[in-house]
Amino acid sequence: MDEVIEMLDKTTKKLQHLLEETKATASKKAATYTQVLQSPIATQEQKIKIFIAKNLELDRIDRLSSQLSLLYTLQIFAFKSKVLEISISNINEQITKTDSIQNNRELEDVKKNIDALKILVEAQYEAMKQIHEDQNKTLNYIH
């Protein structure tokens, strides 16, 4: 679980950086786009190309923001899973000391649920990674 949390943290930082760069680039290009769109000498074809380019950038920013939001959610789940795992281990130690069999069974059920949650978090992370790779391939084809 620590590896997943670390990977999520690294991926989130990279995506935050990429989003900031994309926003900065879009902001720099926005003035140029507006000038071309409002220019009386620009052809209709140029205006359409600028309009499409502007929308593609806005879509990319929106997509990156959505991915970042999902990564934040994954980090929260992963962190909560880790905290629960530690808490259950501590409770298990206390129960073992008091030798309570029924509570130990209930605790084992909770541990199974935490393990299932960890698997879901890891699977969600892998899915997000695959989506990001696929989108990069698609964007490279467009450019």
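We're numbering straight along the sequence, starting at 1. Just so it is clear, the structure is predicted and the values come from calculations on it, not from any experiment.
- The shortest distance between side-chain heavy atoms of Leu18 and Arg60 falls below 4.5 Å.
- When atom types are taken as modelled, the side chain of Thr25 and the backbone of Glu21 share a donor-acceptor pair closer than 3.5 angstrom.
- The existence of a salt bridge linking Arg63 and Asp59 is excluded, since no basic side-chain nitrogen approaches an acidic carboxylate oxygen closer than 4.0 Å.
- Around OH of Tyr33, the count of heavy atoms belonging to other residues, nucleotides or ligands within 6.0 Å exceeds 12.
- When the side chains of ILVMFWY residues are joined at heavy-atom separations under 4.5 Å, either directly or via intervening members, Leu15 and Ile76 end up in two distinct hydrophobic clusters.
- Ile50 and Leu58 fall into different hydrophobic clusters, where Ile, Leu, Val, Met, Phe, Trp and Tyr side chains are chained together by heavy-atom contacts under 4.5 Å.
- Interatomic distance, CD of Glu20 versus NZ of Lys23, reported as 5.5 Å (0.5 Å rounding).
- To the nearest 0.5 Å, atoms CD1 (Ile41) and CD (Gln46) are separated by 8.0 Å.
- Contact check for Ile52 versus Leu56: side-chain heavy atoms found under the 4.5 Å cut-off.
- Ser69 places no side-chain N or O within 3.5 Å of a backbone atom of Ser65 that could act as its donor or acceptor partner.
- The backbone N or O of Leu8 lies less than 3.5 Å from a partner atom in the side chain of Thr12, making a donor-acceptor pair.
- Phe79 and Leu68 are assigned to two separate hydrophobic clusters, defined by single-linkage of ILVMFWY side chains at heavy-atom distances under 4.5 Å.
- Annotation: Lys47, atom NZ; neighbour count of heavy atoms from other residues, nucleotides and ligands within 6.0 Å is above 12.
- Side-chain atoms of Leu64 and Gln67, non-hydrogen and from C-beta on, do get closer than 4.5 Å to each other.
- Within the 4.5 Å cutoff, no side-chain heavy atoms of Glu57 are placed close to those of Thr22.
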